[in-house]
> 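Quick one: structure below, then a few questions.
Hydrogens, waters and symmetry mates play no part in the numbers below; they use all other heavy atoms, side chains included. Chain A is the first sequence line, chain B the second, and so forth, proteins listed ahead of strands; every chain is numbered from 1. Everything numeric here is computed off the predicted structure, so don't read it as measured data.
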Number of protein chains: 2
Amino acid sequence: MTSKAGIEQVLKEASMRVTQPRVAVLAAVTANPHADTETIISAVHEEHPHVSHQAVYDSLKLFTSLGVVRQIQPQGHIARYETRVGDNHHHVVCRRCGHLADVDCSVGASPCLHASDDHGFQIDEAEVIYWGICPDCQALNS
Amino acid sequence: MTSKAGIEQVLKEASMRVTQPRVAVLAAVTANPHADTETIISAVHEEHPHVSHQAVYDSLKLFTSLGVVRQIQPQGHIARYETRVGDNHHHVVCRRCGHLADVDCSVGASPCLHASDDHGFQIDEAEVIYWGICPDCQALNS
DNA sequence: TTCTTATCTTGACTCATTCAAAATAAGAGG
DNA sequence: CCTCTTATTTTGAATGAGTCAAGATAAGAA
């Protein structure tokens, strides 16, 4: 679903108005997985130079709230976005360079979904972030 | 180890200079688990009104880098600190009010430590954040 | 085609956190 | 105990991702 028609479809199905800025933002997130807001703004500007950063922020926030995109924000990093949603996958982050990659958890489809003592919380999501050193940064060290 | 002597001990063992600001900050974090920086600054000021916010930030950063305190920063929230370190515990965060509680993972001592495909990353930590609604916010809804 | 109202543009603003330079004090060595 | 070096601290300004607000625009219902 990378085509413009496919993207408009997604917006309509989520009962959003189909606007140029929204189509451009969703296309940019799809084309640039794990991109931060600035990267998305730049990507959007390539075809639509007049779209404001506020529109991009608004769109990303709306998409996130509707579950169309997912926001990832590891400690000490700014927000990033991806369109791969709803499949309970997690992320590895490099402590050195911040590089980010997808991982599926080894424990099955719904890993770690239950805390031993939930303190009465109604838990609906377990977010896992793995921390380590990426291959490139390992190479730099040796 | 809540006593002033105990705190100075901790600083010395981590080869830090024992300064008034540092002792006060570490005492404040110990006394206020999960407190944010502003709360810690206020707590410090109660006994040491002249300590600057910069000293608090510096101390917290140093403590974190030496593993004496742990920084927690869920999506959309500012940083919080705790002295419970090295026991691989996780956190639940309330989506409504941001309330935060400790949880031990149900899967054992080192839960989720291995990703199915680590993309060549050298992983050293699996950080888990549970999201849900805390008891108080559940009560407000019903 | 018109009209309502959600969305966008513009530009100012917030606030947690960081930067930089001068002042201070921890603690090693004498 | 005193001096000296240099890590820390204070002070005050700056950064920057993200938000707010008001007027202008355009999506799409009728």
Side-chain angles (χ1 to χ4, degrees), chain A residues 4-5 7-29 34-42 44-45 47-66 68-69 71-81 98, chain B residues 4-5 7-26 28-29 34-45 47-66 68-69 71-81 98:
Chain A
K4 194 176 167 192
I7 283 168
E8 294 183 356
Q9 180 83 12
V10 171
L11 295 177
K12 275 178 193 157
E13 280 173 6
S15 1
M16 287 183 260
R17 280 199 184 173
V18 177
T19 68
Q20 274 211 353
R22 284 181 187 167
V23 173
V25 170
L26 190 48
V29 178
H34 303 154
D36 59 19
T37 311
E38 202 188 319
T39 302
I40 294 165
I41 292 173
S42 300
V44 167
H45 279 180
E47 300 229 1
H48 304 270
H50 54 86
V51 170
S52 68
H53 75 137
Q54 188 62 48
V56 175
Y57 274 103
D58 286 348
S59 300
L60 290 171
K61 200 171 195 178
L62 180 65
F63 296 163
T64 303
S65 75
L66 293 178
V68 172
V69 311
Q71 190 193 48
I72 318 148
Q73 188 168 21
Q75 297 242 5
H77 294 268
I78 59 182
R80 299 168 172 205
Y81 299 87
Chain B
K4 191 175 168 192
I7 282 169
E8 295 184 354
Q9 181 84 13
V10 171
L11 296 177
K12 276 178 192 156
E13 281 173 3
S15 359
M16 286 183 260
R17 280 197 186 177
V18 177
T19 67
Q20 275 210 353
R22 284 180 185 167
V23 173
V25 170
L26 190 48
V29 178
H34 302 157
D36 59 20
T37 312
E38 200 188 321
T39 303
I40 293 165
I41 291 173
S42 300
V44 166
H45 279 181
E47 300 227 1
H48 304 270
H50 53 87
V51 170
S52 69
H53 75 139
Q54 186 62 51
V56 175
Y57 273 100
D58 285 349
S59 300
L60 289 172
K61 199 170 197 180
L62 180 65
F63 296 164
T64 303
S65 73
L66 294 176
V68 171
V69 312
Q71 191 192 48
I72 317 148
Q73 189 168 20
Q75 296 242 7
H77 294 269
I78 60 182
R80 300 168 170 206
Y81 298 87

> If I take atom NE2 from residue A/H53 and atom OG1 from residue A/T37, how far apart are they, to the nearest 0.5 angstrom?
11.0 Å
> Could you go step by step and tell me if A/V23 and A/L11 meet the side chain to side chain contact (heavy atoms under 4.5 Å, CB included) rule?
CA-CA 8 Å; A/V23 173; A/L11 295 177; 3.8 Å; yes
> I want to check one thing: is the phosphate of D/dA7, taken as OP1 and OP2, less than 4.0 Å away from some side-chain N or O of B/T19?
no
> Given that B/Y57 and B/K12 both sit by DNA chain C, which one's nearest nucleotide is further toward the 5' end?
B/Y57
> Out of C/dT17, D/dG18, C/dT10, which has the shortest distance to the side chain of B/Q73?
C/dT17
> So which of B/L62, B/V56, B/D58 actually passes side chain to side chain contact (heavy atoms under 4.5 Å, CB included) with B/L60?
B/V56
> Between D/dT10, C/dG27, C/dT9, which nucleotide gets closest to the side-chain atoms of A/Q54?
C/dT9
> Within this structure, what is the NE2-to-P distance between B/H77 and D/dG18, rounded to whole angstrom?
15 Å
> Can you measure A/H50 atom NE2 to C/dT7 atom P for me and round it to whole angstrom units?
18 Å
> Starting at the 5' end of DNA chain D and moving along, which residue's nearest nucleotide shows up first, B/Q20 or A/I78?
B/Q20
> D/dG18, D/dA7, C/dT9: which one has an atom nearest the side-chain heavy atoms of A/A79?
D/dG18
> Starting from C1' on D/dT9, measure out to CZ on B/R17 and report it in whole angstrom.
12 Å
> Quick one: is D/dA17 close enough that its OP1 or OP2 comes under 4.0 Å of any side-chain N or O from A/T37?
no
> Can you tell me the distance, in whole Å, between the CD1 atom of B/I41 and the C1' atom of C/dT18?
13 Å
> Are OP1 or OP2 of D/dT8 and a side-chain N or O of B/R22 less than 4.0 angstrom apart?
yes
> Quick one: A/Q71 CD to D/dA17 P, roughly how many Å, whole number?
14 Å
> Can you tell me how far apart OH (B/Y57) and CD1 (B/I40) are? Round to the nearest 0.5 Å.
9.5 Å
> Quickly work out the B/H48 NE2 to D/dT8 C1' distance and round it to whole Å.
16 Å
> For B/Q71, is there any backbone N or O sitting under 3.5 Å from a side-chain donor or acceptor partner on A/Q75?
yes
> To the nearest Å, give me how far apart NZ (B/K61) and C1' (C/dT17) are.
9 Å
> Return the nearest nucleotide to the side chain of B/H53; candidates are C/dT18, D/dT19, C/dC8.
C/dT18
> Rounded to whole Å, please give me the gap between CG in B/D58 and C1' in C/dA20.
12 Å
